[in-house]
Amino acid sequence: MLFTSYNFILFLLSLFIIYYIIPKKYQWMLLLAASFFFYSFSGWDNVAYITVTIIATYFAALKIGQLHLQQESYLKENKGSLSKEEKKAYKEKVKSSQKKYLLICLFFDLGILAVLKYTNFVISNINSISRIFNAGEISFLDIALPMGISFYTFQSVGYLVDVYRGKYLPEKNIGKFALFVSFFPQLVQGPISRFDDLGHQLYSGHGFDFRNVSFGMQRIIWGFFKKLVIADRILPAVKTITQNPDTYQGIYVLVGMVFYAVQLYADFTGGIDITIGIAEVLGIKLKENFERPFFSKSTAEYWRRWHITMGTWFRDYVFYPVSVSNAMLKVSKFSREKLGEKTGKRVPVYLSTIIVWFATGIWHGASWNFIVWGLLNCLVIIVSQELEPFYAWFHNRFNVRGKFIFKLFQVGRTFLLMSAIRILDCYRNVPVTFRMYWSVFTKWNINELFNGALLKLGLDKADYFVLVFGIIIMIAVSLAQRSGSIREKLSARPEIVRYAAYVGLFISIIVFGAYGIGYDSNQFIYNQF
Amino acid sequence: MIAPKKIAKLAVAALITIALLILLQSLLMPKYMTEILEGALISEYYREENKDHDVIFIGDCEVYENFSPVTLWQEYGITSFIRGSAQQLIWHSYYLLEETLKYEKPKVVVFNVLSMKYDRPQKEAYNRMALDGMPLSVTKLKSIKASMMDDEKFITYIFPILRYHSRWSELTAEDFKYLFKKDRVTHNGYLMRVDVKPLTTIPTERKLANYRFSDICYEYLDKMTELCKKNGIELVLIKAPTIYPHWYDEWDKQMEDYAEENNLLYINFLKYTDEIGIDYQTDTYDAGLHLNLSGAEKLSRYFGKIIQEEFNLPDRRNDEKLSRIWAAKADLYVQEMEKQYAELEELGYLKAFNSRRNDE
Amino acid sequence: MKNKKIIIIIAIVAIVAAGVVVASLGRNSNKDGIDNANVSNNDNTGNNNETGANNRDVDITREKQGYYFEYKGIKIGVNDDAAPILEALGEPMYYFEAPSCAYEGMDRIYSYSGFEFTTFTEDDKEYIASIVFLDDTVTTREGITLNATLKDIEKAYGSKYEKSFNQYSYSDGNCVLSFIVENNAVVSVEYALPAYSGQEG
Amino acid sequence: MEALLRILEDLHPEVDFATNKSLIDDKILDSFDIITLIAEISDEYDVKIPVEEIVPENFNSAEALYKLIQKLQDED
């Protein structure tokens with residue numbers, strides 16, 4: 001069921017009403033039922049996959065939790081009678097059996113994701129290699145990727161590893177744990193939540209609080225505005241440009257990049273606003289996933305403000321474990337000896353970064369586009385890290401660091417760089433993308449921007465008018481958000497202004513939204529990940 | 001809970017918003033006043049104060065282009081109204097009849113059987129033209145359910161703004177002029193056209209794999225027959241004298257058998273074109289697909305005599321009130337005729353019907 | 001010290017470049033049908049077909065595949081651009097046009113000796129919707145015409161047809177070639193776009 | 001403690017690690033620095049900081065970090 005479908009809106013409204021009618025202690029059960037009902041629309045086989053992941057993770061975490069408790073009580077009982085070595089040996093024994101459960105469950109959960117998502121990709125690569133030796137071809141598996149599998153798998157893995165690290169005890173009630181994994185708003189495209197964050201909120205009842213409901217509703221409407229009025233309206237132009245690389249080159253590639261950056265931002269942040277809005281109406285606070293990413297002045301900063309929960313997930317469950325693992329410590333010792341202290345230190349860090357970015361890329365999609373997307377991001381981060389001394393030299397040569405113009409330059413540079421790399425999502429494959437990058441420099445057709453060619457991209461004057469109107473509002477809101485939440489500020493203003501804002505936004509969605517016959521409302525981009 | 005004062009404010013705000021949306025909706029919905037007049041046919045019936053007709057026609061362009069209620073009145077004193085719409089399918093016709101019976105009880109209902117050949121919804125535009133004009137009612141909901149195409153959503157018929165919102169960039173003066181009041185484009189449902197385009201060729205008849213009408217069509221025809229029987233109305237099945245789309249003999253046979261089984265009157269005018277006096281060189285405006293004014297008057301004169309005798313419909317021209325009403329209608333009828341002739345003289349074609357064709 | 005640092009940077013750049021090169025190896029991996037979740041086209045088709053939006057043959061003499069009719073060397077296939085074909089065939093014997101109600105479309109029928117075809121209009125251009133035989137003076141490229149028998153059809157086209165009532169249809173994905181057989185003699189031969197197949201004239 | 005301060009200064013000379021109590025919260029130390037720090041500490045104090053200890057409380061100030069190192073030392 002799409003977020004932008006009438007059924008979903010009906011489902012949402014009825015859920016809100018029932019949620020606040022029934023007694024608080026049944027609220028989490030209602031949410032669980034609603035989440036599975038929502039998920040069943042994407043097919044019962046998908047429900048089977050998510051249930052399997054839930055059960056496997058639940059039992060593995062339970063077992064690991066029990067072992068923690070056993071260890072604690074055992075150590076407390078014979079506190080005095082054990083020597084340091086015995087205690088250490090016992091701990092090792094418990095640790096290794098816990099590790100066994102952890103690895104089995106990880107292999108299982110991530111295995112499902114890998115098989116469903118990457119089999120065809122692997123087959124196609126094998127085929128392309130075998131085609132060189134014109135050996136036979138393997139036929140493809142026709143499995144549709146379950147909705148949101150990448151998100152709920154990562155959320156379950158996060159929970160399992162936290163329990164293994166003893167951060168908190170596992171959830172005893174399988175129903176409650178199932179709700180944590182399948183909580184429908186975040187199921188489709190995140191944010192990827194942590195159990196100690198979301199768990200208790202889901203299970204504790206929430207009374208009707210007008211402020212929550214009104215703020216939540218506003219956020220939902222704001223999300224729909226970005227998705228329907230901006231993202232879906234600019235989509236045809238992005239499609240025209242990126243699906244006909246032979247006709248649209250040179251300046252069009254830049255136009256395509258900027259348009260796609262706008263579309264992806266509006267689509268993804270819009271979807272997350274709807275998600276967080278829904279949770280807020282239900283009295284649940286989800287983690288913010290964006291913090292005005294396009295105002296960041298460097299790539300590293302951009303990746304701390306875009307898709308934050310994914311970033312922190314990869315940092316806590318991939319980057320740190322990898323870079324602190326014994327293997328990596330050995331590498332750092334080896335590199336420090338061979339290459340000297342200063343550069344030697346960097347090798348393990350960069351190696352872990354590459355690993356993380358490769359994982360991020362492949363997680364985004366089963367194709368070389370995304371792998372290269374990840375690696376390019378990694379390259380930019382590493383190069384800018386390496387250029388630190390150059391930056392330092394540059395800054396004390398011309399002290400422009402504070403100047404507004406320089407900040408503007410940095411923001412512009414980061415925006416263009418990120419959009420350029422991000423366009424890999426759209427082009428058919430990597431070579432085409434690189435050909436397009438190259439065409440930007442070689443094919444000079446800037447004049448095409450002004451001779452009305454823009455109107456042939458599937459957008460007419462009216463569309464551009466709406467897009468400009470929408471983007472200006474989006475930028476204005478982001479600027480205002482820097483000094484506090486818009487909704488707080490708005491609630492302080494007189495009624496007429498508030499009424500105009502809420503209803504104006506609502507009506508502009510109804511009238512200017514790109515939905516209905518002729519637009520066929522599109523899935524959220526991140527739905528297919 | 002929330003303070004009562006706040007609830008009152010919310011209620012007021014909600015009402016204002018709803019009013020705003022209703023206004024926007026009527027602005028954004030197409031008006032069908034200067035082009036594609038066929039879209040305005042259905043809604044006209046509800047603005048007719050004198051809903052007292054002995055004969056009701058239902059069907060597609062083969063009724064609203066080929067019969068003239070004013071002629072039926074002038075020649076035989078028969079009061080009639082045509083509830084036609086562009087490519088009206090049989091389920092549209094049935095539910096339209098069901099709804100009309102809420103307003104009045106005619107003596108005779110005339111249904112053109114061409115739509116028996118369509119066993120599935122054809123085009124969203126035709127659905128909208130057949131349904132948007134109807135006021136919200138249970139019958140309308142049933143009709144919507146029966147006629148929706150796959151990509152259509154039910155809610156967009158309840159709140160048409162959800163469908164027509166994208167027209168904001170195509171609004172013309174017409175949309176503002178006819179925001180609240182609409183002109184009358186027909187004469188009791190007859191869409192007059194005086195222009196002439198002689199018949200040249202009749203396309204060859206193509207073989208079909210299966211000539212039998214589909215079950216769904218027979219189902220609705222049975223429902224229509226049943227509804228008329230229940231209300232003591234005479235159902236007359238007709239096939240208008242048009243040369244395209246082709247009316248196969250096998251189809252004609254099926255309608256004859258059906259009429260016999262349910263003892264209904266079935267007339268295939270294609271067999272009586274000479275008696276009616278139709279001359280396809282002067283009586284059609286699109287080379288034989290539809291009749292023009294002179295053709296429609298001839299057909300009405302011929303058909304009026306049959307149904308008056310068959311069902312002894314009273315000649316109500318002596319009813320003082322009715323004749324005053326119909327005299328006014330006759331004046332409008334003549335004015336329209338003269339206007340169209342003048343336009344034809346001046347432009348060589350009728351603007352209202354040809355504006356889209358020229359830019360095709 | 002200096003050159004060691006440069007080696008490191010080169011190494012890292014090499015790793016990334018290798019990734020890119022390998023990717024270009026995998027170039028044709030995206031062509032053969034896997035759905036690479038190409039984000040921008042949300043209709044999830046993933047691989048857009050090579051011949052652009054609508055694979056309509058403009059050059060009438062070009063080699064064609066699948067079912068199409070040929071008359072005096074002029075190749076006429078469904079969904080083809082009608083203009084060049086009309087020009088090549090010259091003045092039709094009969095021409096009939098039928099605007100559907102409220103101008104929601106315009107059917108045009110062009111009749112020639114032995115066959116006729118109807119066209120539909122899209123963005124002010126006419127495309128062929130269906131081709132019908134009028135008599136047995138014309139045959140399909142496989143030699144079937146009116147009064148042939150079912151066996152002849154099966155011999156020419158095999159038996160993988162779809163039968164509905166007495167109509168036997170063969171489809172090549174773009175065009176539906178259908179024969180109506182009454183008491184074992186072909187009475188109708190029609191090439192049609194799936195949407196227009198079996199439509200009465 | 002001095003060795004620890006020396007390592008920290010080596011990473012960010014401009015920061016006064018003795019007094020600063022919010023190295024993570026103010027985003028002074030990013031994930032790069034944390035990793036290099038862990039590698040340095042494992043050389044200097046021969047103690048391996050496990051992943052579950054990489055939390056803001058332990059890294060927000062030099063004292064907290066040093067307390068962590070001592071805890072890990074007497075555990076082995």
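The sequence lines fix the lettering, A, B, ..., with proteins before strands; numbering per chain opens at 1. Excluded from the calculations below are hydrogen atoms, water molecules and symmetry mates; all remaining heavy atoms, backbone and side chain alike, are included.
Looking at B:Leu41, there are no atoms closer than 4.5 Å to chain C (heavy atoms on both sides), in backbone or side chain.
Enclosure of atom NZ in B:Lys253 is not indicated, since only 12 or fewer non-hydrogen atoms of other residues, nucleotides or ligands lie within 6.0 angstrom. Summarising the local packing, CD of B:Glu219 is surrounded by more than 12 heavy atoms from other residues, nucleotides or ligands at distances under 6.0 Å. The neighbour count for C:Tyr94 OH, taken as heavy atoms of other residues, nucleotides or ligands under 6.0 Å away, does not exceed 12.
The minimum heavy-atom distance between C:Ser164 and B:Ala209, with the atom names listed, is O-CB, 4.0 Å. Looking at every heavy atom in both residues, C:Ala98 comes nearest to B:Leu289 through CB-CD2, 3.7 Å.
Here CD1 of C:Ile180 is found 6.5 Å from CG of B:Leu208. Values are rounded to the nearest 0.5 Å.
Interface check for chain B: of the options C:Val181, C:Asn166, C:Leu134, C:Asp107, the most heavy-atom pairs under 4.5 Å are formed by C:Asn166. Of the listed residues (B:Gln87, B:Arg212, B:Glu38, B:Glu205), the one with the most heavy-atom contacts under 4.5 Å to chain C is B:Glu38.
A side-chain donor-acceptor contact under 3.5 Å links B:Thr201 to the backbone of C:Tyr95.
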When you look at B:Tyr244 and C:Ile109, which way does the side-chain contact (heavy atoms from CB on, under 4.5 Å) test go after all the steps?
CA-CA 12 Å; B:Tyr244 178 88; C:Ile109 304 172; 4.3 Å; yes
Show the numbers, then the answer: is there a side-chain contact (heavy atoms from CB on, under 4.5 Å) between C:Glu182 and B:Lys207?
CA-CA 10 Å; C:Glu182 277 166 10; B:Lys207 283 277 185 225; 4.2 Å; yes
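Looking only at side-chain heavy atoms (C-beta outward), C:Phe96 and B:Ile243 come within less than 4.5 Å of each other. Considering only heavy atoms from C-beta on, B:Arg206 comes within 4.5 Å of C:Ser130 through its side chain.
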